[in-house]
Amino acid sequence: MSIDVDIETRPKLRKHERRKHILLELRLRPHVRISELADRFRVSSETVRRDLEKLSADGLLDRAHGGALALVSGKYPTFDERATARVEERERIGRVAAHLVQPGETLMIDSGSTTLQLARFLAFDGTACTVITNSFPVAMALGQSEAANVIICPGDYLPSESAVIGTDAVEFLARHSVDRCLIGASGIAEAGPSEAVRGFAAIKRAMLRQSAIAHLLIDGQKFGRKSLAQVGNLSDVSSVVSDQAPAEELAASLKRANVEVLVAR
């Protein structure tokens, strides 16, 4: 016996459900159209357009004329590949950054090979702190310390980075305020810090908004480098912690933006 189901009688999906369905569809095919999604979800084209713009801002898809494209993996090195490069320099940066944290503070720490070194030094020093992070390695490092209270963001798991990204993570961060954030970046130039992984750029922007003080931990080889997604302006950062001083032009821009440069010797 067959049963006819009238599609018009089915309940409409909620906003977060629509967006999860859009991402699922992009795993099955490389392109989706606004008109098709509007018909499927029984909502207006403008509603779908807002969904796509939000998912794009969170680094989960690429906007295209009339619809959206699945993200294409680039050649940016994975977390494990970065973690084994310039280890001594990253350790120096992490040690200096750890000393910026005052006992009892609340922190946001993003995913990265340099911020992982920071987490290790915080744990080694037994610094009392509450940390919100999207990084599983950072959470595991801090978990070695009885003095640290660790909160992990929800979100879409990114295996190559052992971290979460996406709308759930960004919205979770927006519900919290902390004393300081300590983030990394793929590059920093006169326009500000930038990030190769678009989903991470959205995480960093959220952390900057929710923190009273912001520190950028960055390898000196990334000075002058511009990556795909802009994170913010130089003035959004309180200080830059690096293993070397920036070149004269970038140093002058940082000074004009009242950004302190801390060189880890």
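Using a 4.0 Å cut-off between charged nitrogen and carboxylate oxygen, E46 and R49 count as a salt-bridge pair. Using a 4.0 Å cut-off between charged nitrogen and carboxylate oxygen, R40 and E25 count as a salt-bridge pair. Between K20 and D168 there is a salt bridge, since at least one side-chain N of the basic residue sits less than 4.0 Å from a carboxylate O of the acidic one. A salt bridge does not link R175 to E171: none of the charged nitrogens lies less than 4.0 Å from a carboxylate oxygen.
Placement of I109 and M140 in two distinct hydrophobic clusters is found when ILVMFWY residues are connected by side-chain heavy-atom separations under 4.5 Å, directly or transitively. No chain of hydrophobic side-chain contacts below 4.5 Å, direct or via other Ile, Leu, Val, Met, Phe, Trp or Tyr residues, connects F124 to L116. Each of M108 and I213 belongs to its own hydrophobic cluster when Ile, Leu, Val, Met, Phe, Trp and Tyr are linked at side-chain heavy-atom distances under 4.5 angstrom. Under the 4.5 Å side-chain heavy-atom criterion for Ile, Leu, Val, Met, Phe, Trp and Tyr, I93 and L262 are members of the same hydrophobic cluster. With hydrophobic clusters built from ILVMFWY side chains whose heavy atoms lie under 4.5 angstrom apart, L228 does not share a cluster with I165.
Residue V259 comes nearest to S239 through the heavy atom pair CG1-CA, 3.8 Å, listed as atom of the first residue, atom of the second, then distance. For L173 against Q210, the heavy-atom pair with the smallest separation is O-CG, 3.3 Å. Looking at every heavy atom in both residues, R205 comes nearest to Q230 through NH1-O, 2.7 Å. The two residues L234 and G192 come nearest to each other via the heavy atoms CD2-CA, 3.7 Å. Listed here is the closest heavy atom pair of A214 and L208: CB-CD2, 3.5 Å. When all heavy atoms of S235 and A257 are compared, the pair lying nearest together is N-CB, 4.0 Å.
Here the straight-line distance linking atom CG of L107 with atom CD1 of I132 works out to 9.0 Å at 0.5 Å rounding. Once rounded to the nearest 0.5 Å, the distance linking OG1 of T115 with CG of L217 reads 7.0 Å. Separation of atoms CD (E91) and CD (E88) is listed at 7.5 Å; rounding is to 0.5 Å.
Using a 4.5 Å heavy-atom threshold, the side chains of L52 and I22 count as touching. Side-chain contact between H99 and F121: absent, with no pair of heavy atoms (C-beta onward) separated by less than 4.5 Å. Looking only at side-chain heavy atoms (C-beta outward), L122 and L142 come within less than 4.5 Å of each other. The side-chain heavy atoms of V241 and I218, taken from C-beta on, include no pair separated by under 4.5 Å. Residues L23 and L55 form a side-chain contact, since some pair of their non-hydrogen atoms from C-beta on lies under 4.5 Å apart. Side-chain contact between V263 and R265 is present, with at least one heavy-atom pair separated by less than 4.5 Å. Within the 4.5 Å cutoff, side-chain heavy atoms of V261 are placed close to those of P246. Taking the side chain as every heavy atom from C-beta outward, F200 and V231 never approach each other to under 4.5 Å.
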### Intermediate values then yes/no, side chain to side chain contact (heavy atoms under 4.5 Å, CB included), V240 and F223
CA-CA 11 Å; V240 169; F223 286 148; 4.3 Å; yes
### Task
Under the side-chain hydrogen bond (donor to acceptor under 3.5 Å, both in side chains) rule, what do R180 and S211 come out as? Steps first, then yes or no, please.
CA-CA 5 Å; R180 67 181 77 226; S211 305; over 6 Å; no
### Message
side chain to side chain contact (heavy atoms under 4.5 Å, CB included), that's the test. Do V150 and V138 meet it? Break it down for me.
### Response
CA-CA 9 Å; V150 183; V138 166; over 6 Å; no
### Task
Check the pair S227 / E195 against side-chain hydrogen bond (donor to acceptor under 3.5 Å, both in side chains), numbers first and verdict last.
CA-CA 5 Å; S227 292; E195 176 57 53; over 6 Å; no
### Message
Between S56 and R63, does the side-chain hydrogen bond (donor to acceptor under 3.5 Å, both in side chains) criterion hold? Intermediate values first, please.
### Response
CA-CA 6 Å; S56 176; R63 290 285 278 115; 5.8 Å; no
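Side-chain contact check for N134 and S111: no donor-acceptor pair (N or O, by modelled atom type) lies under 3.5 Å.
Shown are R256, K255, E249; of these, the side-chain hydrogen bond (donor to acceptor under 3.5 Å, both in side chains) with S253 is made only by R256.
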